[in-house]
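Fair warning: this is a prediction, and the values are worked out from it, not measured in the lab. Sequence lines set the chain letters: A, B, ... in the order given, protein chains first and strands last, and positions in each chain run from 1.
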Amino acid sequence: MKMNNADYARLLSDTAALIEISGGNTFRVRAFEGAARTLSKLPVSVESIMDAGTLTSLSGIGKSIAQDLISIRATGSFELYDTLRADLPDHILDLTRVQGLGPKKVKALYDKLGIGDLDQLEAAALSGAIAGLPGFGQKTQDNISREIERLRRVGGRRPLTLALMIAQPIVEALRALPQVQRAEIAGSARRWRETVGDLDFVAASDDPEAVMAAFVALPGVQEVIARGPTKTSIILAGELQADLRVVTLDQFGALLHHFTGSKEHHVELRKRARARGLKISEYGVFKIDAADGDPPVASRTEADIYAALDLPYIAPELREAAGEIEAAERRALPALIELADLRGDLHMHTTASDGRHSILEMALAARAFGHTYIVITDHSQSSTIANGLDPARLRQHMLDIDAVNAQIDGIEVKKGIEVDILKDGSLDLPDDLLDELDFVIASVHSNMRQDRDTMTARVLRAVESGHVHAIGHPTGRLLGQRDPFDIDIEALIQACLKHRVALEINAGAGRLDLKDEHARLAAQAGLPLVINTDTHSAEGFAQLAFGVGVARRAWLEPRQVLNTLPWDDMMAWFAR
DNA sequence: GCCGTTTTCGGCCCGACTGTTTTCAGTCG
């Protein structure tokens, strides 16, 4: 059985959860969690590190866990994990997904009532058996019933794009309150994580009670699940949870920082603070022996917080405990790309295939957006459902693009195609016709369930063809709808480097493909990327921001993204 | 179980809120 880093990481994090439920040492739990996190963020395969014999050089992996990993490779498991598994029901970890149930309560439910999965938990709550347990009561039982129902309805995390559509009007409503001096979206949405579990808002005000009252009165609030003097949690229509914290303006930076996370970033920062005789809370950075009422060392802005720890400001997108604190320490943080750095969009559709607007309409909208060039890349003939272009229609399309260029200034409209990579890796249009175009994006749109070797060979054939500039949405995933197809990303990156083909970060709200880790991997290998919307309408150019979010999470600087360059400079990279 | 400018032992991030309790444990982020 072939195991990847995520498989190893999952075994370790499950082990952490099982130790916790069985009442083991908290710090041992944290050790397994830390090791799991290290593996899940590792840019190379853990097995290659095993082969090199340097496992214990990884942060959070000592002798013991290194042995466990070696055992996992050989047998698929390790002793501690097997022992814990044997002592507890198979599905007990599902119980911790219920909001309000942590390890202690799960353990009590199992010990006292033999509850080992969600169905048994639901039945016990319904029968009233839970309310009688020590430490549990009627309210806890009701909450469990409600949370199980909610879990069954919505499951896990929502796409960022959807969450932001809900969060934007809320933050604007908060800002519009006379009592509010500042309000921001925090949490994983501010870090541009591709999915979010809930929404976090922070606000500065001298009258928190008024802000809370307005928050719970927002349209679409289904339920108030917690309400204290500084913190309120609500459930919005659509089952999304939203939390709001309010502090005074001079504490706002500390609060924003605290609520932006990630949790792991904070754990590392707080360790660093302790080593300097400081401690960090949502109210600021304090001397470790500070008494109540002592003023903070820093609290007003996020930059002040970092400065108090002798660090430069770290952008939210980097706060994932993925090496950013070390990089900050070395003053080696990337100068992250921004939306304004992009000069053009290399992937879009018009009414010639499955888009909603004409070449002219797209060009005018792109110019208004601020682009200086775009490439029109309609579908090729095999994508019949998308009205793909055959050679004759493509030739007419090229003439139509010339006509638009003659008609408007301020933007160059380039001729391109999104050519299908067919089942066997051949391209969907004749080579000589492709070579007449300014820019060729090759994408997989069919037979997506090929096995890893077949799919990798298929896309590599397109990369090696000599007629392609970029690979579009390289893993084919649709967020929440379709898994990525199985392809060897590392092999793809190497082939692209050799043949001077760029990989796309497709900014389409439903795609975000490549994803952040893969984009970072490509850039680390020296391969530049392109960020495109793949928009099918004139309103879609703004989605580029989502692609920039992915790029920033991938630590990309402008120089690593080709469409930050003027057209001719960009094309120079492809010269072969 | 991991780690080390407090280094091979003794630490390991911090506070808000709920619910079940009469002073606090558990959970969450």
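Closest contact between the side chain of A/Phe27 and the listed nucleotides B/dC12, B/dC17, B/dG26 involves B/dC12. Minimum atom distance to the side chain of A/Pro229 is reached by B/dC17, of the listed B/dC17, B/dG29, B/dG15. In the set B/dC2, B/dC17, B/dG26, the nucleotide with an atom closest to the side chain of A/Ala226 is B/dC17.
Across all strands, A/Ser59 comes closer than 4.0 Å only to sugar-phosphate atoms, never to a base (heavy-atom distances). Residue contacts shown for A/Glu264 are absent, as no nucleic acid heavy atom lies under 4.0 Å away. Counting non-hydrogen atoms under 4.0 angstrom, A/Pro103 reaches the backbone sugars and phosphates but no base. Within the nucleic acid shown, A/Leu101 comes within 4.0 Å of sugar-phosphate atoms alone, with no base atom in reach, counting heavy atoms only. Nucleic acid contact for A/Phe136: sugar-phosphate only, since backbone atoms but no base atoms lie under 4.0 Å from a heavy atom of the residue. Here A/Val98 lies in heavy-atom contact (under 4.0 Å) with sugar-phosphate atoms only.
Between A/Phe32 and A/Phe78, the two ring planes are parallel [angle under 30°; tilted spans 30° to 60°].
Taking atom C1' on both B/dT7 and B/dC12, the two are 15 Å apart, rounded to the nearest angstrom. On the P atoms, B/dC28 is 15 Å away from B/dT20, given to the nearest whole Å. Separating the P atom of B/dG26 from that of B/dT22 is a span of 13 Å, rounded to the nearest Å. Rounded to whole Å, the P atom of B/dC14 lies 26 Å from the corresponding atom of B/dC9. Remark: the separation of the P atoms in B/dT6 and B/dG11 is 15 Å, to the nearest Å. Nucleotides B/dC13 and B/dG29 place their C1' atoms 12 Å apart, quoted to the nearest Å. Comparing the P positions of B/dG4 and B/dT8 gives an interatomic distance of 12 Å, to the nearest angstrom.
A/Arg28 has no side-chain polar atom (N or O) that falls below the 4.0 Å cut-off from OP1 or OP2 of B/dC2. Note on A/Arg245: every side-chain N or O is 4.0 Å or more away from OP1 and OP2 of B/dG15. An OP1 or OP2 oxygen of B/dG29 is reached within less than 4.0 angstrom by a side-chain nitrogen or oxygen of A/Gln99. Checking the phosphate oxygens (OP1, OP2) of B/dT20, a side-chain nitrogen or oxygen of A/Thr140 falls inside 4.0 Å. A sub-4.0 Å separation between OP1 or OP2 of B/dC17 and a side-chain N or O of A/Thr230 is present. The shortest distance between the side-chain N/O atoms of A/Lys231 and the OP1/OP2 oxygens of B/dC17 is not below 4.0 Å. Between A/Asn25 and the phosphate of B/dG1, there is no side-chain N or O to OP1/OP2 separation shorter than 4.0 Å. Phosphate contact (OP1/OP2 of B/dC14, side-chain N/O of A/Tyr283, threshold under 4.0 Å): absent. At the phosphate of B/dC13, neither OP1 nor OP2 sits under 4.0 Å from any side-chain N or O atom of A/Arg270.
Between the CD atom of A/Glu268 and the P atom of B/dG29 there is a distance of 21 Å, given to the nearest Å. Residue A/Arg274 contributes atom CZ, which lies 16 Å from atom P of B/dT7 at whole-angstrom precision. In this structure, A/Leu84 atom CG and B/dG1 atom P are separated by 11 Å, rounded to whole Å. Between the CD1 atom of A/Ile280 and the P atom of B/dA16 there is a distance of 16 Å, rounded to whole Å. The CD1 atom of A/Ile325 sits 13 Å away from the P atom of B/dC13 (whole-angstrom rounding). Protein atom CD of A/Glu33 is 13 Å distant from nucleotide atom C1' of B/dC2, rounded to whole Å. Counting to the nearest Å, the P atom of B/dG1 and the CZ atom of A/Phe78 are 10 Å from each other. Rounded to an integer number of Å, the gap from CZ of A/Phe259 to C1' of B/dG15 is 10 Å.
Around the NZ atom of A/Lys41, the shell of radius 6.0 Å holds more than 12 heavy atoms that belong to other residues, nucleotides or ligands.
Using a 4.0 Å cut-off between charged nitrogen and carboxylate oxygen, A/Asp200 and A/Arg191 do not count as a salt-bridge pair.
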Go through the steps to decide whether A/Arg319 and A/Glu302 satisfy the test salt bridge (Lys or Arg N to Asp or Glu O under 4.0 Å), and finish with yes or no. CA-CA 12 Å; A/Arg319 299 178 196 166; A/Glu302 288 191 312; 2.9 Å; yes
I'd like to know whether A/Arg146 forms a salt bridge (Lys or Arg N to Asp or Glu O under 4.0 Å) with A/Asp142, so could you lay out the CA-CA distance, the side-chain angles of the two residues, the decisive distance to 0.1 Å, and finally the verdict. CA-CA 6 Å; A/Arg146 201 188 48 224; A/Asp142 294 345; over 6 Å; no
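At a threshold of 4.5 Å between non-hydrogen side-chain atoms, the residues A/Thr533 and A/Phe546 do not count as touching. Counting heavy atoms from C-beta outward, A/Ile19 and A/Asn25 have side chains that stay 4.5 Å or more apart.
Base pairing of B/dC28: its partner is B/dG15, meeting the Watson-Crick or G-U wobble criterion (both donor-acceptor distances under 3.5 Å).
Judged by distance alone, with hydrogens and angles left aside, the side-chain atoms of A/Asp341 form a donor-acceptor pair with the main-chain N or O of A/Glu338 at under 3.5 Å.
Each of A/Arg30 and A/Leu133 has a nearest nucleotide on DNA chain B; the 5'-most of these lies closest to A/Arg30. Each of A/Gly100 and A/Leu58 lies near DNA chain B, and the nucleotide nearest A/Leu58 is the one positioned closer to the 5' end.
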